[in-house]
Chemist: 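I have a structure here, written as structure tokens, and I will follow up with some questions on it.
All residue numbers refer to positions in the sequence shown, counting from 1.
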Amino acid sequence: MRMTFSHALALAATLLAAAPATAQQAQQQRTTVHGQVVDTRSGQPVAHAAVYLGNDRTVTIADAEGRFELKRIRPGSRAVWAEAPGYTMEVQVAEIPSGEANLTLQMQSDPVRLATLTVTTSRLDRRARAYAGTARVFRESDLASMWYNNVQQLVESRGSVRATACPGSGFANRRGALGAPMIGSYVGGGDCIYARGSTYSSRVFIDEMPWVGGLESLSDFQLAEVARVEIYGHGREVHVFTRQFMNWLSRRAYVPTPIGLM
């Protein structure tokens with residue numbers, strides 16, 4: 001059937017009128033999930049646990065009372081779990097309804113693992129104190145209260161790390177995680193930092209292993225995934241410890257390698 005101009009206008013008006021309703025319906029299908037992480041035995045809240053929701057790659061950090069909030073979650077069956085040093089938890093499957101949902105996640109404490117982790121953390125703190133230069137350490141409780149989206153933002157802002165040109169490499173325009181231009185970032189010579197009027201090479205370590213990506217790659221790590229960040233010599237060495245690694249440390253003895261000798 002041939003469509004006249006008037007019919008086309010009427011059809012277009014109908015589609016435009018339906019579009020906001022469709023968008024509104026899609027918005028209503030998103031769910032806000034509220035919940036709390038508690039200790040199975042004592043019922044006490046597990047502070048600063050990382051809460052993961054499968055299928056959406058969604059992660060958030062619980063507050064000091066173990067409470068958390070996940071926004072704009074699609075309804076349906078979702079895998080959910082929490083991580084906290086010294087605790088274990090099996091992955092659960094939760095049915096997320098439309099509107100709002102409430103979840104209580106129970107974690108099993110392990111005194112042996114917690115004691116091992118406490119010893120390891122003390123050793124990491126002693127290593128930081130033994131460093132002859134400037135050392136900044138951000139622990140799990142510090143990270144939980146920060147608004148930064150990723151570790152690069154934290155390192156640049158709170159750590160006052162200033163990326164700069166490495167000698168003998170080509171110039172490239174790059175911007176930091178906060179949007180500010182980096183000081184003459186270069187390609188080919190690795191990452192360098194500018195501190196106290198001089199340029200130094202910078203090395204990044206993820207879970208105590210050298211990280212090829214350098215300072216800029218720290219934007220790939222959300223704060224919710226990280227349990228500890230150490231910045232030495234205004235950025236000459238940056239050590240990032242993920243929650244998974246700290247959980248691994250809680251199950252075995254570990255002696256940190258001295259800074260500058262890796």
Side-chain angles (χ1 to χ4, degrees), residues 37 46-52 59-64 66 68 81-89 107 109-110 113-161 177 191 193 202-211 213-262:
V37 185
V46 179
H48 311 313
V51 179
Y52 297 85
V59 57
T60 189
I61 302 179
D63 61 17
F68 63 89
W81 67 97
E83 289 184 351
Y87 285 86
T88 59
M89 179 183 175
M107 303 193 72
S109 63
D110 189 333
R113 290 181 61 181
L114 189 57
T116 305
L117 180 64
T118 300
V119 171
T120 301
T121 303
S122 298
R123 289 173 177 170
L124 290 172
D125 288 338
R126 286 199 299 270
R127 181 179 71 174
R129 290 194 296 267
Y131 180 68
T134 302
R136 299 286 304 275
V137 178
F138 300 94
R139 298 170 181 81
E140 185 180 28
S141 57
D142 303 320
L143 300 174
S145 62
M146 294 179 179
W147 60 268
Y148 306 107
N149 292 325
N150 56 62
V151 176
Q152 186 188 6
Q153 291 182 354
L154 165 69
V155 168
E156 289 181 9
S157 181
R158 295 292 293 272
S160 301
V161 174
D191 278 313
I193 56 100
S202 176
R203 296 191 297 171
V204 173
F205 297 84
I206 304 296
D207 296 337
E208 298 287 63
M209 296 296 293
W211 195 251
L215 292 169
E216 193 173 41
S217 68
L218 294 178
S219 63
D220 296 332
F221 294 88
Q222 301 179 44
L223 251 61
E225 302 174 273
V226 173
R228 184 182 177 97
V229 177
E230 301 173 351
I231 303 173
Y232 296 95
H234 302 283
R236 296 178 69 175
E237 284 195 20
V238 177
H239 292 251
V240 178
F241 298 87
T242 64
R243 288 176 175 268
Q244 289 83 356
F245 183 72
M246 295 301 284
N247 277 324
W248 178 82
L249 291 183
S250 71
R251 297 191 293 270
R252 52 186 47 81
Y254 178 79
V255 179
T257 307
I259 295 298
L261 299 178
M262 295 184 174

Chemist: Got a donor-acceptor contact below 3.5 angstrom from the R123 side chain to the P256 backbone?
Modeler: no

Chemist: What distance do Y131 atom OH and I259 atom CD1 have between them, rounded to the nearest 0.5 Å?
Modeler: 8.0 Å

Chemist: Within this structure, what is the CE-OG1 distance for the pair M246 and T120, rounded to the nearest 0.5 Å?
Modeler: 7.0 Å

Chemist: Say whether, by atom type as modelled, one donor and one acceptor occur between the side chain of D207 and the main chain of T242 under 3.5 angstrom.
Modeler: yes

Chemist: Could you tell me whether the side chain of R136 and the main chain of R158 form a donor-acceptor pair under 3.5 Å?
Modeler: yes

Chemist: Would you compute the distance between atom NE2 of H234 and atom OG of S202 and round it to the nearest 0.5 angstrom?
Modeler: 12.5 Å

Chemist: Got V37 and M89 here, is their nearest side-chain heavy-atom distance under 4.5 Å?
Modeler: no

Chemist: If I take atom CZ from residue R129 and atom CG from residue L124, how far apart are they, to the nearest 0.5 angstrom?
Modeler: 10.5 Å

Chemist: With a 3.5 Å distance limit and no angle check, can you tell me whether S219 reaches the backbone of Q152 through a side-chain donor-acceptor pair?
Modeler: no

Chemist: If only atom types and distance count, is the side chain of T121 paired as donor or acceptor with the main-chain N or O of T118 below 3.5 Å?
Modeler: no

Chemist: Is there a side chain to side chain contact (heavy atoms under 4.5 Å, CB included) between H48 and S141 once you walk through the steps?
Modeler: CA-CA 7 Å; H48 311 313; S141 57; 4.0 Å; yes

Chemist: Might you work through the side chain to side chain contact (heavy atoms under 4.5 Å, CB included) test for L223 and N150, ending with a clear yes or no?
Modeler: CA-CA 5 Å; L223 251 61; N150 56 62; 5.5 Å; no

Chemist: Side chain to side chain contact (heavy atoms under 4.5 Å, CB included), that's the test. Do E140 and R243 meet it? Break it down for me.
Modeler: CA-CA 9 Å; E140 185 180 28; R243 288 176 175 268; 2.8 Å; yes

Chemist: Taking the six-membered ring for Trp, are W81 and Y52 parallel (under 30°), tilted (30 to 60°) or perpendicular (over 60°)?
Modeler: parallel

Chemist: Distance-only, no hydrogens or angles: does the S157 side chain make a donor-acceptor pair with backbone N or O of L154 under 3.5 Å?
Modeler: no

Chemist: How close do A227 and L143 get, heavy atom to heavy atom, and via which atoms?
Modeler: C-CD1, 3.8 Å

Chemist: Might you point out which heavy atoms bring A82 and M107 nearest each other, and give the distance in Å?
Modeler: O-CE, 3.3 Å

Chemist: Would you call R139 and D125 a salt bridge, using N to O less than 4.0 angstrom?
Modeler: yes

Chemist: Taking all heavy atoms of F138 and all of G159, pick out the closest pair and write down the distance.
Modeler: CZ-N, 4.5 Å

Chemist: Please report the interatomic distance OG1(T116) to CG(L249), rounded to the nearest 0.5 Å.
Modeler: 10.0 Å

Chemist: If you draw a 6.0 Å radius around CH2 in W211, do more than 12 non-hydrogen atoms from other residues or ligands fall strictly inside?
Modeler: no

Chemist: Between A84 and V46, what is the shortest heavy-atom contact and its length?
Modeler: CB-CG1, 3.8 Å

Chemist: Once the angle between the rings of F205 and H239 is folded into 0 to 90°, is it parallel (under 30°), tilted (30 to 60°) or perpendicular (over 60°)?
Modeler: parallel

Chemist: Please report the closest heavy-atom contact between I193 and G233, naming both atoms and the distance.
Modeler: CD1-O, 4.0 Å

Chemist: Less than 4.0 Å between a side-chain N and a carboxylate O, is that true for E208 and R127?
Modeler: yes

Chemist: Over all heavy atoms of both residues, which pair between V226 and F241 is shortest? Give the atoms and the distance, please.
Modeler: CG1-O, 3.4 Å

Chemist: Could you walk me through whether M209 and F245 pass the side chain to side chain contact (heavy atoms under 4.5 Å, CB included) check?
Modeler: CA-CA 11 Å; M209 296 296 293; F245 183 72; over 6 Å; no

Chemist: Report the distance from atom CG of N247 to atom OH of Y87, rounding to the nearest 0.5 Å.
Modeler: 12.0 Å

